[in-house]
Amino acid sequence: MILRELRKDRYITVNYFKDGLLQTCKGHIWNLNLIEQSLMLKDEQQRIFSIRLSGIKEIH
């Protein structure tokens with residue numbers, strides 16, 4: 001159910017930990033890879049960010 005909501009084409013904000021620091025990224029889902037357990041976001045400047053699912057603190 002939650003993964004189905006992530007696949008919708010809308011902008012989301014993700015707060016996540018990377019190298020011990022809290023980062024924030026806003027964009028839409030580019031790819032959701034359950035095998036590697038990663039989420040890729042594409043922001044307004046067309047940059048792609050890879051985020052580990054285990055590091056995600058909050059999605060809104």
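Every side-chain contact (heavy atoms from CB on, under 4.5 Å) that Gln37 has, sequence neighbours left out, goes to Leu53. Under the rule for a side-chain hydrogen bond (donor to acceptor under 3.5 Å, both in side chains), the partners of Thr24 that lie at least two apart in sequence or sit in another chain are Asn15. Judged as a side-chain contact (heavy atoms from CB on, under 4.5 Å), and not counting sequence neighbours, the contacts of Tyr16 are Val14, Lys18, Gln23, Cys25, Ile51, Ile56. Remark: Lys42 pairs with His28, Trp30, Gln46, Ile48 by the side-chain contact (heavy atoms from CB on, under 4.5 Å) rule, at least two apart or across chains.
Phe17 belongs to a hydrophobic cluster whose other members, connected by ILVMFWY side-chain contacts under 4.5 Å either directly or through intermediates, are Leu22.
Ile59 and Leu21 are assigned to two separate hydrophobic clusters, defined by single-linkage of ILVMFWY side chains at heavy-atom distances under 4.5 Å.
A distance of 7.5 Å separates CG of Leu32 from OG of Ser38, quoted to the nearest 0.5 Å.
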Take Ile12 and Leu41, measure what side chain to side chain contact (heavy atoms under 4.5 Å, CB included) needs, and give me the verdict at the end. CA-CA 9 Å; Ile12 62 171; Leu41 289 179; 4.1 Å; yes
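Residue pairs meeting the salt bridge (charged side-chain N to carboxylate O under 4.0 Å, His left out) criterion with at least one member in residues 45-60, sequence neighbours excluded, are Asp43-Arg47.
More than 12 heavy atoms of other residues, nucleotides or ligands shown are found within 6.0 angstrom of CD on Glu44.
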